[in-house]
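Letters A, B, ... mirror the listed sequences (proteins, then strands); counts begin at 1. Note: hydrogens, waters and symmetry copies are ignored here, and every other heavy atom, side chains too, is used.
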2 protein chains.
Amino acid sequence: MARPGVETIRRQQLIDATMKVIEAHGFQGATIGRIAEASELSVGIVSHYFGNKQGLLEASMRYLLSSLQRDAAKLMAERSSTPRERLLAIVDANFSGAQTSAQSAKTWLAFWTQAMHSPDLMRLQRVNERRLLSNLIVPLRQLMPVAQARETAETIAALIDGFWLRAAMSEGRIELDRAVSLCKTYVDQAIAANSGNHTSDSMGHTED
Amino acid sequence: MARPGVETIRRQQLIDATMKVIEAHGFQGATIGRIAEASELSVGIVSHYFGNKQGLLEASMRYLLSSLQRDAAKLMAERSSTPRERLLAIVDANFSGAQTSAQSAKTWLAFWTQAMHSPDLMRLQRVNERRLLSNLIVPLRQLMPVAQARETAETIAALIDGFWLRAAMSEGRIELDRAVSLCKTYVDQAIAANSGNHTSDSMGHTED
DNA sequence: TTCAATTAATTGAATGGTTATTCAATGCCG
DNA sequence: CGGCATTGAATAACCATTCAATTAATTGAA
């Protein structure tokens with residue numbers, strides 16, 4: 001019970017197979033038959049370890065998200081000197097998972113789409129988005145007022161999602177380097193645009 | 001043949017029903033039975049006018065994309081004084097389709113996901129992306145060197161996609177106004193960041 | 001150690017439900 | 001009547017789920 005039992009191994013086996021099949025055939029084509037084949041197990045074992053197909057899909061998404069989160073946390077822990085460096089590290093981290101496997105972008109998008117019709121998956125998405133936003137706001141608050149920090153954080157988050165979307169479409173083509181570069185350019189522009197306003201609650205932003 | 005025949009009417013009827021069903025039940029739940037019910041026609045008529053289900057889906061996506069394109073073209077034709085105004089108009093245009101129906105974001109995302117496993121749909125996506133990029137580059141080239149114009153255009157495009165993605169997830173909640181506002185803020189920041197370099201091939205951008 | 005007994009893990013054919021597709025029959029209109 | 005449009009029951013394929021049967025692992029008494 002305490003050792004890394006068969007259960008853990010089988011679960012991971014099935015999750016790996018699920019991601020592989022989704023990447024190859026999309027969410028629609030991810031049948032239990034194919035997943036079983038890819039995992040070299042039988043179809044009956046899915047219900048044994050995950051209850052049903054939906055349970056397997058949710059577990060797979062949880063794994064994908066936590067996987068990306070782990071990569072991100074690792075990169076962020078390394079360099080964290082200035083706020084700017086920290087922001088660039090977050091950007092790097094959010095694309096690092098994609099660099100290793102551009103096909104994970106496809107899986108990610110498949111889950112995202114599916115999440116819109118599944119409250120459980122939706123909740124997972126929201127949690128992840130919130131975490132990214134708060135990670136961004138922390139260093140931004142040291143560079144600009146809270147209001148602008150929040151706006152900039154949302155913009156960076158949208159930028160990351162948008163580039164992921166494109167990465168998912170450009171099959172195989174790794175233009176991730178360019179995405180990272182453009183995100184970083186934006187970070188510097190945003191810092192420069194608000195460099196006059198520091199930690200004070202200044203309101204000197206007369207728009208329009 | 002020349003008149004607006006029954007064929008045109010039926011086709012549109014089915015396409016409308018398809019979009020309605022996809023928005024309500026997602027791509028997976030878009031069965032021919034439901035589409036037929038929503039269109040108040042029979043299931044057999046799909047094969048008669050579109051060959052099969054896939055044909056109907058492709059036609060629907062074509063319609064959605066050209067619909068968005070039409071809205072965009074309309075808005076862009078109105079105001080086109082300065083390059084900056086023109087850029088802001090493009091941004092507005094790319095969210096105008098979503099303002100009328102926030103649920104069209106869901107349909108858009110569903111198609112996008114599906115496109116990754118259908119060469120025909122993929123080609124449509126690429127065409128649309130290229131059009132957006134070139135629309136953006138034209139006014140940007142009047143404000144900055146070509147290289148930066150291209151970068152800025154790609155960033156704006158990613159920003160738009162990212163906000164669409166979020167709009168698709170936040171069911172019903174219309175945070176489109178915020179998305180538009182943040183996009184415009186970025187446009188101004190990008191212009192300001194490159195305001196020193198005009199149409200010349202200046203390279204005065206010492207990065208890092 | 002050996003070997004039955006017991007428990008756990010795994011299989012995959014059978015089941016029931018869902019869906020796209022077909023096509024003979026029907027309705028419609030000139 | 002004759003061609004066109006439309007219907008919807010019938011068909012066949014597919015798929016998730018179940019569960020009795022099979023295999024593997026573990027135990028513990030001799």
Please list, pair by pair, any protein nitrogen or oxygen found under 3.5 Å from a nitrogen or oxygen in nucleotides 20-27 of chain C.
from: C:dA20; atom 1: OP1; to: B:K53; atom 2: NZ; distance (Å): 2.6
from: C:dA20; atom 1: OP2; to: B:I32; atom 2: N; distance (Å): 2.8
from: C:dT21; atom 1: OP2; to: B:K53; atom 2: N; distance (Å): 3.0

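Axis deviation across the helix from C:dT1-D:dA30 to C:dG30-D:dC1 amounts to 0°, comparing end segments of five pairs, rounded to 10 degrees.
Considering every non-hydrogen atom in both A:P83 and A:Q142, the closest pair reads CG-OE1, 3.0 Å. Across all non-hydrogen atoms, the minimal contact from A:L136 to A:A153 is CD1-O, 3.6 Å. Minimum interatomic distance between A:Q125 and A:M61 (heavy atoms only, all atoms of both residues): NE2-CE, 3.3 Å.
Here ring pair (Phe, Tyr, Trp, His ring centres under 6.0 Å) pairs that include residues 7-38 of chain B, with residues two or more places apart or in two chains, are B:F27-B:F111. For residues 37-76 of chain A, no pair satisfies ring pair (Phe, Tyr, Trp, His ring centres under 6.0 Å), with sequence neighbours left out.
Counting to the nearest Å, the P atom of D:dC14 and the CZ atom of A:R34 are 10 Å from each other. Note: CD1 (A:I35) to P (D:dT17) measures 11 Å, nearest angstrom.
Projected onto DNA chain D by closest heavy-atom contact, A:G29 and B:Y49 fall at different nucleotides, the more 5' of which corresponds to B:Y49.
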Residues 33-40 of chain B, side-chain donor-acceptor partners within the protein, below 3.5 Å, at least two apart:
from: B:R34; atom 1: NE; to: B:G29; atom 2: O; distance (Å): 2.9
from: B:R34; atom 1: NH2; to: B:G29; atom 2: O; distance (Å): 3.4
from: B:S39; atom 1: OG; to: B:I35; atom 2: O; distance (Å): 3.1
from: B:S39; atom 1: OG; to: B:A36; atom 2: O; distance (Å): 3.0
from: B:S39; atom 1: OG; to: B:L41; atom 2: N; distance (Å): 3.4

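In this view, A:R62 and A:E58, A:R123, A:L124 satisfy the side chain to side chain contact (heavy atoms under 4.5 Å, CB included) rule, not counting sequence neighbours.
No donor-acceptor pair under 3.5 Å is formed between the side chain of A:S118 and the backbone N or O of A:Q114.
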